[in-house]
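Take this structure first; my questions come after.
Just so you know, ligand 1 is whichever comes first in the structure, and atom 1 is the first atom listed for that ligand.
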Amino acid sequence: MVNHDRGIKIMRLIILAPPGGGKGTQASRLSDQYNIPQVETGKILRQAVQEGSQLGKDAKSYMSSGNLVPDEIMIEIIRNRFAEADCQAGFILDGFPRTLQQARALDKLLDEQEVELDAVIYLNVPVAVIQERLSRRRVCSDCGATYHLDTKPPGQTGICDSCQGELIQRSDDREEAIEQRLKQYSSKTEPLLEFYQDKGVLLEIDGAQSISRVESAIDTALTESQ
Ligand code: AP5
C-alpha cells in the first residue's frame, strides 16, 4: 500500500531465520530504513520476565529451556501490539510467526485490517554458523542492543555503545538451550517456509554472509520484489 500523503511505501515485513540467524540485527536496520516499528517478540517477552509481570512468569520457563511460548499467548501479544498506532505505518515482525497456527492467526489479523504482507525475508544460515554466533553474542542488559565479540564488537569491552549499559550473555545462549531452540525451529518454524513460498512472498537470502552483504542482499531482493 502507498501512503500518498508522503509518497512513502508502507512496508509490512516478516523476518524469518533460525535462532541467531540475524533477525534482530537486520530487523533493527530495516526499522530505521523504512521508519517502521520492529516488533520483536523475544524482546517483549524478555522485558516481561524482567518486570516480573504475569506474562513474564508464564513465559520464563519455556524461554530458558529453549522451548516456544504457547501460541495463544503469542497471538494475543501480537493482536495487542498491532492495535498500537505506530503499526498503522507498517511493521517488521522479528520472531513472529513461529508456528503454522501463529501464521494463520496473523493472516486473520491482516485480513481484518484489509492489508497484506509485502515480503517474508528468510535468512538461510547453517547450524554450525548459528552455534558460533550465539556463543559469541553479547547483549546490553539495559537497552537490549546486540553485539558479537568478533563481527560486531562494542567500542569498549563489556559496555554498550548506545547506553553504556553492561553487556551480558543471554540465559538461553547456553549449549543445551541452543540445541533445544534449533530442534523447535526445525519442527515448528521451518514449515512456514513452504507456507509463505506458496503465497509467493518468500525472499530467500544467504544469511551466512557478512552483516553488510546480508543487508545489500535484502535491499536488492526487496527492490526487485516491488
Ligand atoms: P528470540 O529472541 O526471537 O530468539 P531467537 O529466535 O532464538 O533469535 P535470536 O534473538 O537468538 O537471534 P536473531 O536471529 O535475532 O539473531 P541476532 O541478530 O541477535 O526468542 C527468544 C525466545 O522467546 C524463544 O526461544 C521462545 O521461547 C520465545 N519466543 C519468541 N517469539 C516467540 C513466538 N513467536 N512463539 C513462541 N515463542 C516465542 O544475531 C545473532 C548474533 O550473530 C549476534 O551476536 C549478531 O551480532 C551476530 N550476527 C548477526 N548477523 C551476522 C552476520 N551476517 N555475520 C556475522 N555475525 C552476525
Side-chain angles (χ1 to χ4, degrees), residues 14-31 38-49 55-56 58-79 81 92-103 105-106 121-140 144-154 160-161 167-174 176-190 192 205-218:
I14 293 175
I15 190 148
L16 192 63
K23 296 183 291 297
T25 302
Q26 296 299 330
S28 146
R29 199 254 322 173
L30 288 163
S31 163
Q38 173 186 2
V39 178
E40 187 183 354
T41 45
K43 186 173 180 184
I44 294 171
L45 292 168
R46 279 187 291 279
Q47 270 168 357
V49 170
L55 168 63
D58 293 342
K60 191 174 178 180
S61 62
Y62 295 104
M63 295 173 76
S64 57
S65 57
N67 286 302
L68 294 184
V69 173
D71 286 333
E72 317 76 77
I73 297 180
M74 299 313 302
I75 292 165
E76 193 55 23
I77 288 176
I78 292 297
R79 179 173 283 284
R81 186 64 187 84
I92 175 150
L93 286 173
D94 164 2
F96 186 96
R98 261 174 149 105
T99 64
L100 281 170
Q101 194 183 332
Q102 292 180 17
L106 176 62
I121 300 162
Y122 164 48
L123 306 179
N124 188 350
V125 186
V127 170
V129 175
I130 287 164
Q131 281 160 337
E132 187 277 337
R133 281 189 192 169
L134 290 181
S135 61
R136 304 286 287 163
R137 172 166 64 182
R138 296 295 179 271
V139 293
C140 175
T146 299
Y147 297 87
H148 184 280
L149 296 178
D150 310 310
T151 59
K152 197 184 167 199
C160 178
D161 292 346
L167 300 187
I168 55 163
Q169 188 163 32
R170 257 169 56 174
S171 63
D172 60 350
D173 281 349
R174 292 169 293 110
E176 322 81 76
I178 292 174
E179 205 173 304
Q180 184 59 14
R181 283 158 71 197
L182 287 168
K183 277 190 197 152
Q184 294 275 291
Y185 174 77
S186 78
S187 64
K188 297 188 176 152
T189 309
E190 265 183 353
L192 297 186
I205 306 290
D206 174 3
Q209 310 172 85
S210 68
I211 293 176
S212 61
R213 280 181 187 269
V214 174
E215 286 176 6
S216 310
I218 291 174

Region of Asn67 engaging ligand 1 - heavy atom pairs below 4.0 Å: backbone

N or O contact, Arg137 vs ligand 1, cut-off under 3.5 Å: yes

Atoms of ligand 1, numbered as shown, that sit under 4.0 Å from any heavy atom of Thr41: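 Here the atoms of ligand 1 in question are 30 (C), 31 (N), 32 (C), 34 (N).
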
Any side-chain donor near an acceptor of the partner, Asp71 and Thr99, under 3.5 Å: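 Per modelled atom types, Asp71 and Thr99 side chains form a pair under 3.5 Å.
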
Validation row: Asn67, Gln180 side chains within 4.5 angstrom (heavy atoms): yes

Gly95 N/O under 3.5 Å from ligand 1 N/O: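 Yes, at least one N or O pair falls under 3.5 Å.
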
Heteroatom distance test (Gly66, ligand 1): nitrogen or oxygen, under 3.5 angstrom: no

Ligand 1 contact on Lys23 by region, counting heavy-atom pairs under 4.0 Å: both

Among Ile14, Leu16, Thr41, side-chain contact (heavy atoms from CB on, under 4.5 Å) partner for Leu93: Ile14

Numbering as shown, the atoms of ligand 1 that approach Arg46 to under 4.0 Å (heavy-atom distance): 2 (O), 21 (C)

For atom 42 (O) of ligand 1, the option (of Lys43, Lys60, Arg133) bearing the nearest heavy atom: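 Shortest heavy-atom distance from atom 42 (O) of ligand 1: Arg133.
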
Thr146 and ligand 1 - part of the residue with a heavy-atom distance under 4.0 Å: side chain

The one among Arg98, Lys152, Gln26 that brings a heavy atom closest to atom 1 (P) of ligand 1: Arg98

Closest to atom 37 (N) of ligand 1 (judged by heavy-atom distance), picking from Val69, Asp173, Asp206: Val69

Partners meeting salt bridge (Lys or Arg N to Asp or Glu O under 4.0 Å) with Arg46 (sequence neighbours left out):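 With neighbours one apart ignored, the set is Glu40.
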
For atom 16 (O) of ligand 1, closest protein heavy-atom neighbour: Gly22 N, 3.1 Å

pair Ile205-Gln26: side-chain heavy atoms closer than 4.5 Å: no

Closest contact, heavy atoms only, Leu192 versus Ala103: CD2-CB, 3.7 Å

Test item, Arg170 contacting ligand 1 (heavy atom, 4.0 angstrom):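 Heavy atoms of Arg170 do come under 4.0 Å of ligand 1.
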
Residue portion contacting ligand 1 (non-hydrogen atoms closer than 4.0 Å) for Gln102: side chain

Closest approach of any protein heavy atom to atom 53 (N) of ligand 1, naming residue and atom: Gln209 O, 2.8 Å

Check against salt bridge (Lys or Arg N to Asp or Glu O under 4.0 Å), Arg181 and Asp173: CA-CA 10 Å; Arg181 283 158 71 197; Asp173 281 349; 2.9 Å; yes

Residue and atom name of the nearest protein heavy atom (relative to atom 49 (C) of ligand 1), distance in Å to one decimal: Thr25 OG1, 3.4 Å

Within-cut-off N or O pair, Tyr62 and ligand 1, under 3.5 Å: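 N/O-N/O distance under 3.5 Å: no.
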
Closest candidate by heavy atom, reference atom 23 (O) of ligand 1, pool Arg29, Met63, Glu132: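 Looking at heavy atoms only, the winner is Met63.
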
Nearest neighbour in protein (non-hydrogen) for atom 7 (O) of ligand 1: Arg181 NH2, 2.6 Å

Side chain, backbone, both or neither: Tyr185 near ligand 1, heavy atoms under 4.0 Å: neither

Contact (N/O only, under 3.5 Å) between Arg136 and ligand 1: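 No.
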
Ser210 vs Thr151 side-chain heavy atoms within contact, under 4.5 Å: no

Criterion side chain to side chain donor-acceptor pair (under 3.5 Å) against Asp94, the qualifying member of Lys23, Lys43, Gln38: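 Answer after filtering Lys23, Lys43, Gln38: Gln38.
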
Under 4.0 Å to a heavy atom of Gly24 - the qualifying atoms of ligand 1, by number: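 Listed by number with element, the hits are 13 (P), 15 (O), 18 (O).
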
Close side-chain approach of Ile211 and His148, heavy atoms under 4.5 Å: no

Pairwise side-chain contact, Gln102 with Ile78, heavy-atom cut-off 4.5 Å (strictly under):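 No, side chains not in contact.
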
Shortest non-hydrogen contact between Ser31 and Ile92, atoms and distance: CB-CG2, 4.3 Å

N/O separation below 3.5 Å, Gly20 to ligand 1: yes

Interfacing atoms of ligand 1 (cut-off 4.0 Å, heavy-atom, Ser210):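 Near Ser210, meaning under 4.0 Å from one of its heavy atoms, ligand 1 has 53 (N).
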
Region of Thr151 engaging ligand 1 - heavy atom pairs below 4.0 Å: side chain

Residue portion contacting ligand 1 (non-hydrogen atoms closer than 4.0 Å) for Ala17: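 For Ala17, no heavy atom sits under 4.0 Å from ligand 1.
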
Where ligand 1 meets Gly42 - atom numbers and elements under 4.0 angstrom, heavy-atom basis: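 Near Gly42, meaning under 4.0 Å from one of its heavy atoms, ligand 1 has 1 (P), 2 (O), 20 (O), 30 (C).
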
Test item: Pro19 and Tyr185 side chains (from C-beta on) under 4.5 Å apart, heavy atoms: yes

Reference residue Gln169; test side-chain contact (heavy atoms from CB on, under 4.5 Å); the match among Arg136, Arg137, Arg138: Arg138

Nearest-neighbour protein heavy atom for atom 44 (O) of ligand 1, which is reported as residue plus atom name and distance: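 That would be Tyr147 O, 2.8 Å.
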
Asp94-ligand 1 polar pair, N/O distance under 3.5 Å: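 No, since none of the N or O atoms of Asp94 sits under 3.5 Å from an N or O of ligand 1.
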
Nearest neighbour of atom 28 (C) of ligand 1 from the list Leu45, Thr189, Ile178, on a heavy-atom basis: Leu45

Exercise: identify the closest heavy-atom pair between Leu106 and Phe96: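 Residues Leu106 and Phe96, closest heavy atoms: CB-CE2, 4.1 Å.
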
Residue and atom name of the nearest protein heavy atom (relative to atom 46 (O) of ligand 1), distance in Å to one decimal: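 Nearest neighbour among protein heavy atoms for atom 46 (O) of ligand 1, to 0.1 Å: His148 CB, 3.4 Å.
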
Glu215 side chain near Arg29 side chain, heavy-atom distance below 4.5 Å: yes

Crowding at NZ, Lys152 (>12 non-hydrogen neighbours, <6.0 Å):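 It does: Lys152 NZ has more than 12 such atoms within range.
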
N or O pair under 3.5 Å between Gly21 and ligand 1: yes

Beyond-backbone contact of Pro154 with Asp161, side-chain heavy atoms, under 4.5 angstrom: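 Yes - at least one pair of side-chain heavy atoms lies under 4.5 Å apart.
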
